[in-house]
Amino acid sequence: CSIMSTILSFKHVPMVYLCLCVLRPFIETRAAQLGLSMHREIGFQKDNQGEYKASQAIHMDCLRWVKRDSYLPVGSHNLKAAAKAKLGYDPVELDPEEMCRMATEEPQTLATYSVSDAVATYYLYMKYVHPFIFALCTIIPMEPDEVLRKGSGTLCEALLMVQAFHVNIVFPNKQEQVFNKLTDDGHVLDSETYVGGHVEALESGVFRSDIPCRFKMNPAAFDFLLQRVERTLRHAIEEEEKIPLEQVTNFNEVCDEIKRKLISLKEVPNRIECPLIYHLDVGAMYPNIILTNRLQPSAMVDEATCAACDFNKPGANCQRRMTWQWRGEIMPASRSEFHRIQQQLESEKFPPFFPNGPPRAFHVLNREEQARHEKKRLGDYCRKAYKKVHLTRLEERVTTICQRENSFYVDTVRAFRDRRYEFKGLHKVWKKKLSTAQDNGDAAEVKRCKNMEILYESLQLAHKCILNSFYGYVMRKGARWYSMEMAGIVCFTGANIITQARELIEQIGRPLELDTDGIWCVLPNTFPENFVIKSTNEKKPKVTISYPGAMLNIMVKEGFTNHQYQELVDPASLTYETRAENSIFFEVDGPYLAMILPASKEEGKKLKKSNTETLALPHNFIIKRASLLKSYIIFLSKELVTSFLKQLKPPLHC
């Protein structure tokens, strides 16, 4: 409540939607002609990034929040689209070419348009931007202007520096670029990175829960699942729900029901029936991969580091080796050809730094300029001699992760994850209280519950924003904690999890699309779904177990558990305790009423959107023609989509 009162106390905040950047130059020029200084009069002036800021006030530009934190598609960053998506409010729209005429002939209409934009900006700011930014300010040691405008990597680094200071960790130097790096076999490396997450569109079409689909399943897969029913349920109850198996009263009954359904599917593997449309995704995949494997940039070690370590003794279990995929763009010229070009450049003269100055020798140029000339000359040579400038090389590399490195990075990620889960739980609690207060008609309690719901929603979103940045930050140029190996391991492990899930789903259903952290699929309507587990536990007398999620979670446990996780238990004697760690769990979203996967001419790009009630603009969908946009908006109107989803017998076929 103290945080809430602090956040809501910031009432006098100038908020705009891009207008200061657009209108202020005209106002400033006009004022200068009249002998007025806008900085002296109101305190705002342009900084070196073109932003108007003041020392005595903050300037909240809603557009900054929409671009970085709203998760809206690129084509929906304007005020009208953002207000409609976030507020359900459709501001007044006018044709820009008609505005000049309306200023003289219909001033009231133009005034309504202006007020409509102001109302949309105000409510967008008060509902989303204000609580979110000031919630982030309770975490990030920066002023609100910086928190709003800086990238998530900068915010993440500021947070890590604070955490490192508290545990007496010396800040590493910022990562510096190595110019014209050579590979082991002597080729110039133009660029290098890692292979990212696995994304693949598998099918297209209209899938509805009341339109039968054709399934061709593998009976051997059901034999595999039947052998693991007890183990799967035991893992879901004990590991996920934290309920001792001795307290469960209907374990055998639920196992028998699941087996009965699996046997029925095994006996008739080829069938046509209505589908269950699911999205099976891993909750906070990348942060949980980091936590499970104790990944942190400073823990990426090599043989030389381990050879000098005091813990490197026979039988030591602190070196965890993990695989990742490296991808590099190399130039085909050999080492000797590159050195020959360098020698040629050393005998040449280059344009002066200042006009009318003397020509400069190669050794006078700074290292960046030298590298630029070397790469340009080498590219021209490769184009003539080899008929190509770049070759793409993929390598599977193995990196050693020290399991005894100081865990401040992992501890920071874990603290943020746990705190976000806490805020999500409190958000659900206050959402229920709000519903109860609305039913009772208590206006004061409704207002209080709304404020608390907004607070915890903003706090959990702020933590989500930072939590998702811990992975991307390690590949940020100039990062203090930089590690391509760590980023590659995280992506490669995540891709393997999703690939294994797909291999299982292909045998018992139909995968539709693979995301970086989940899989969209359809399963037969008779597939085991949700089961209620009854127990004598006072806190959890009844829990619902989703079998599709449970069968994937036992797969993840067996294939991706870290049995080498070491935790410091006695700092004085440097005693470590080894245990098994796995915090990677699938979550089940659905079943959905419908899912639409339009086809695309571009390989690997398909449009998707699904929902239990309505459809919305897909995240990767941009329509350039106004006629198509209008048709699409009509199709996505609530009335049409609702009737489309809820018809019992529509004349549609997959």
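All values below come from the heavy atoms of this structure, side chains included, with hydrogens, waters and symmetry mates left out.
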Within the distance-only criterion (no hydrogens, no angle test), does the side chain of [X] pair as donor or acceptor with the backbone N or O of [Y] below 3.5 angstrom?
X    : Y    : result
T183 : H187 : yes
H390 : D190 : no
S483 : M486 : yes
E577 : V569 : no
Y471 : P287 : no
E405 : A299 : no
Q344 : R340 : no
N288 : G283 : yes
S469 : C465 : yes
N293 : L295 : no

Test of understanding: with salt bridge (charged side-chain N to carboxylate O under 4.0 Å, His left out), list the residues that count as partners of E239, not counting sequence neighbours. none
When rounded to the nearest 0.5 angstrom, what distance separates [atom1] in [X] from [atom2] in [Y]?
X    : Y    : atom1 : atom2 : answer
W324 : C491 : CH2   : SG    : 11.0 Å
I289 : I497 : CD1   : CD1   : 4.5 Å
L182 : H339 : CG    : NE2   : 6.5 Å

Minimum side-chain heavy-atom gap [X]-[Y] below 4.5 Å:
X    : Y    : answer
R228 : I554 : yes
I169 : N406 : yes
L280 : I505 : yes
D515 : D281 : no

Atom of [X], atom of [Y] and distance for their closest heavy-atom approach:
X    : Y    : answer
Q296 : M300 : O-CE, 3.4 Å
A501 : F586 : CB-CZ, 3.9 Å
C137 : V147 : SG-CG2, 3.9 Å
E203 : P511 : OE2-O, 3.9 Å
P332 : V389 : CD-O, 3.2 Å
P359 : K349 : CB-CB, 4.0 Å

Under the side-chain contact (heavy atoms from CB on, under 4.5 Å) test against H235, which residue among M551, E240, E558 passes? E240
Can you say whether the rings of [X] and [Y] are parallel (under 30°), tilted (30 to 60°) or perpendicular (over 60°)?
X    : Y    : answer
F470 : Y409 : perpendicular
W481 : Y473 : tilted
W65  : F132 : perpendicular
H463 : F416 : tilted

Does this structure show an ion pair linking [X] with [Y], if we count only N-O contacts that are shorter than 4.0 Å?
X    : Y    : value
R377 : E348 : yes
R234 : E238 : no
R502 : E506 : yes
R414 : D418 : no
K376 : D380 : yes

Looking at F179, is R367 sitting on its ring face, NZ or CZ under 6.0 Å from the six-membered ring centre and within 45 degrees of the normal? no
Any cation-pi pair here, R420 with F423, using under 6.0 Å and within 45°? no
Near [X] [atom1], under 6.0 Å, is it more than 12 heavy atoms from other residues, nucleotides or ligands?
X    : atom1 : value
Y421 : OH    : yes
N366 : CG    : yes
N173 : CG    : no
K181 : NZ    : no

Intermediate values then yes/no, salt bridge (charged side-chain N to carboxylate O under 4.0 Å, His left out), R579 and E581: CA-CA 6 Å; R579 59 181 172 85; E581 173 69 18; 2.4 Å; yes
Give the C-alpha distance, both sets of side-chain angles, the deciding distance and a yes or no for side chain to side chain donor-acceptor pair (under 3.5 Å) between T392 and E329. CA-CA 5 Å; T392 301; E329 296 283 340; 3.0 Å; yes
Taking atom types as modelled, is there a side-chain donor on [X] or [Y] under 3.5 Å from an acceptor on the other?
X    : Y    : result
Q342 : E374 : yes
E337 : Y386 : yes
T292 : N562 : no
Q403 : Y565 : no
N496 : T493 : no

Using side chain to side chain donor-acceptor pair (under 3.5 Å), reason through S191 and R327 one step at a time and then give a plain yes or no. CA-CA 9 Å; S191 65; R327 180 173 62 212; over 6 Å; no
Run the ring-ring contact (aromatic ring centres under 6.0 Å, His included) test on F165 and F171 for me, step by step, so that the C-alpha distance in whole Å, both residues' side-chain angles and the decisive distance to 0.1 Å come before the verdict. CA-CA 8 Å; F165 172 78; F171 300 160; 7.4 Å; no
Would you mind listing every salt bridge (charged side-chain N to carboxylate O under 4.0 Å, His left out) that reaches into residues 479-493, with sequence neighbours excluded? none
Let's go through L467 and R417 carefully: what are the C-alpha distance in whole Å and the side-chain angles of both, what is the deciding distance for side-chain contact (heavy atoms from CB on, under 4.5 Å) to 0.1 Å, and is it a yes or a no? CA-CA 7 Å; L467 192 62; R417 184 202 63 179; 4.2 Å; yes
